[in-house]
Amino acid sequence: MFKHTIIKRGLATAVANPLIVKNSRIQASVILSRAPQITRDATPFEKAYFDYREKLERQEAATTPTDFYFKKGSVAERRWKHEEQARQNAMKDPTTSLSEALQASQVSWEKENEGLTVSTKLEKLERSTKADAKDDKKSLDRALKQTLYLVVKQSGENPWQFPQGPIDATEYLHEAAERTLTEQCGADMDTWFVGRQPIGFYKEASAKEQPGLKVFFMKARVYAGQVKLNKDFVEFAWLTKDELVNYLSPEYYKSIKDCLSDI
């Protein structure tokens, strides 16, 4: 029979038995990310390709029987004919996409026939937020097209880093990572650890009487909530991969850059 030992912990930043292997301190770190909330913008090549495919499909499609779908002389028929004329003009002009022509047609129709009929309008929301305008890096409601990563900074001259801390000799890596995230960033976030295997590794050599450092990075996702730092930390930020370059040390960033998403 196996005997299980249950250890209860508070929100202390120090562990009872920090693990040291071959004169190296072993620590667990959490790469906590917020996934993109909207699709990214299409590249010029992608826009041209999609427009080409749309025009090709339209050229090969059968003519729409308007008498079947619209009552003759109705507002719906007039509006459809207005949009259809815009599509036909776009088919003759390779510099104009069908989607752009249709959008321009809808705008002009609304202006010319304002008050003619009451209809439910679909409003297209902005792809940027107030947090983007304010450059608020503490908000999760920013850079919606990209993945955001959590980094924290301790008091003093300590560099920015992902939440990380020492491993107790009685813990597994994923257990130490979960505990560290809670201790340093609070328990107000709904998170999910993707797996129990590290996705990256960072190493520092020994210096004078200071043992070396080996950090294992665990991957996790945040779904709701926000960071609530403990007293040992002074700042946190949610950053894109490109922004991390300006916060993390070159060696630290180099060790984890391939673990991060470009989107």
Side-chain angles (χ1 to χ4, degrees), residues 9 13 15 18-40 137-138 140 142-154 158-206 211-227 229-230 233 235-263:
R9 302 182 184 278
T13 56
V15 297
L19 185 61
I20 298 179
V21 178
K22 294 183 179 180
N23 200 34
S24 290
R25 295 165 291 150
I26 308 300
Q27 294 192 358
S29 180
V30 185
I31 299 181
L32 183 65
S33 63
R34 186 224 65 190
Q37 304 298 293
I38 59 177
T39 57
R40 64 173 176 81
K137 291 184 172 58
K138 291 186 177 182
L140 278 166
R142 63 179 292 267
L144 301 182
K145 295 178 287 186
Q146 297 173 276
T147 301
L148 293 181
Y149 298 94
L150 174 64
V151 290
V152 295
K153 188 178 188 303
Q154 285 182 292
N158 294 290
W160 286 86
Q161 62 185 20
F162 297 110
Q164 71 180 52
I167 300 176
D168 192 293
T170 62
E171 293 178 307
Y172 291 109
L173 278 173
H174 69 277
E175 293 175 335
E178 292 180 24
R179 172 182 56 76
T180 297
L181 182 62
T182 301
E183 289 177 352
Q184 297 181 2
C185 302
D188 294 339
M189 290 188 291
D190 180 11
T191 60
W192 171 63
F193 277 74
V194 177
R196 297 189 174 186
Q197 301 297 326
I199 62 171
F201 174 78
Y202 172 68
K203 181 179 180 180
E204 284 184 4
S206 302
L213 175 65
K214 293 181 179 179
V215 182
F216 295 88
F217 298 99
M218 309 299 291
K219 184 177 181 181
R221 297 279 193 184
V222 61
Y223 295 110
Q226 184 55 283
V227 176
L229 294 176
N230 72 16
F233 293 83
E235 288 188 78
F236 74 91
W238 292 98
L239 306 175
T240 64
K241 182 179 180 179
D242 294 336
E243 293 170 338
L244 286 173
V245 180
N246 302 320
Y247 283 72
L248 305 179
S249 67
E251 297 80 10
Y252 191 86
Y253 177 77
K254 183 179 179 180
S255 68
I256 52 88
K257 68 176 182 178
D258 293 335
C259 304
L260 309 178
S261 173
D262 293 318
I263 299 177

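- In this structure, the separation between CD on Q27 and CD on E204 is 9.0 Å, given to the nearest 0.5 Å.
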Determine, stepwise, if the pair V151 / L239 fulfils side-chain contact (heavy atoms from CB on, under 4.5 Å). CA-CA 8 Å; V151 290; L239 306 175; 3.6 Å; yes
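- In this structure the side chain of V227 reaches within 4.5 angstrom of the side chain of M189, judged on heavy atoms.
- By the 4.5 Å heavy-atom criterion applied to side chains, F193 and E178 are counted as neighbours.
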Return a table of donor-acceptor pairs under 3.5 angstrom between the side chains of residues 254-263 and protein atoms on other chains or two or more places apart.
| residue | atom | partner | partner atom | Å |
| --- | --- | --- | --- | --- |
| S255 | OG | Y252 | O | 2.6 |
| S261 | OG | I263 | N | 3.1 |
| S261 | OG | I263 | O | 3.1 |
| D262 | OD1 | K241 | NZ | 2.8 |

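- For the pair L140 and G225, the tightest heavy-atom approach, listed with the atom from each and the gap, is CD1-O, 3.6 Å.
- No side-chain donor from either of D242 and T240 sits under 3.5 Å from a side-chain acceptor of the other.
- In this structure, the separation between CD1 on I38 and CG on L144 is 5.0 Å, given to the nearest 0.5 Å.
- Annotation: side chain of E175 is not in contact with side chain of R179 (no heavy-atom distance under 4.5 Å).
- Side-chain atoms of R34 come within 3.5 Å of backbone N or O of Q146 as a donor-acceptor pair.
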Please assess Q161 against Y202 for the test side-chain contact (heavy atoms from CB on, under 4.5 Å), listing each intermediate value before the final yes or no. CA-CA 12 Å; Q161 62 185 20; Y202 172 68; over 6 Å; no
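- To the nearest 0.5 Å, atom CZ of residue R221 and atom OG of residue S33 are 4.0 Å apart.
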Please determine whether side-chain contact (heavy atoms from CB on, under 4.5 Å) holds for the pair L244 and F162, giving the CA-CA distance in whole Å, both sets of side-chain angles, and the decisive distance to 0.1 Å. CA-CA 10 Å; L244 286 173; F162 297 110; 4.2 Å; yes
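- The ring-ring contact (aromatic ring centres under 6.0 Å, His included) search around F201 returns F216, not counting sequence neighbours.
- A donor-acceptor pair is defined here as one N or O able to donate and one able to accept, closer than 3.5 Å; no such pair exists between the side chain of K145 and the backbone of P36.
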Under the side-chain contact (heavy atoms from CB on, under 4.5 Å) criterion, do V152 and F236 qualify, and how do the steps go? CA-CA 4 Å; V152 295; F236 74 91; 4.1 Å; yes
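- Using a 4.5 Å heavy-atom cutoff, the side chains of Y247 and K137 are in contact.
- Under the 3.5 Å distance criterion, the side-chain polar atoms of D188 are left unmatched by any main-chain donor or acceptor of Q226.
- With hydrogens and angles ignored, the 3.5 Å screen pairs no side-chain donor or acceptor of R142 with any backbone N or O of L148.
- We find the CG-CH2 distance between L248 and W160 to be 9.5 Å, quoted to the nearest 0.5 Å.
- Taking the side chain as every heavy atom from C-beta outward, K153 and P159 never approach each other to under 4.5 Å.
- The backbone N or O of A35 sits less than 3.5 Å from a side-chain atom of Q37, completing a donor-acceptor pair.
- One finds the OG1 atom of T182 at 10.0 Å from the CD atom of Q184 (value rounded to the nearest 0.5 Å).
- Between H174 and G195 the shortest heavy-atom distance is CB-O, 4.5 Å.
- Each of I31, L181, L32 was evaluated against P163; a single residue qualifies, L181, per the side chain to side chain contact (heavy atoms under 4.5 Å, CB included) test.
- For the atom pair K219 NZ and Q197 CD, the distance stands at 14.0 Å (nearest 0.5 Å).
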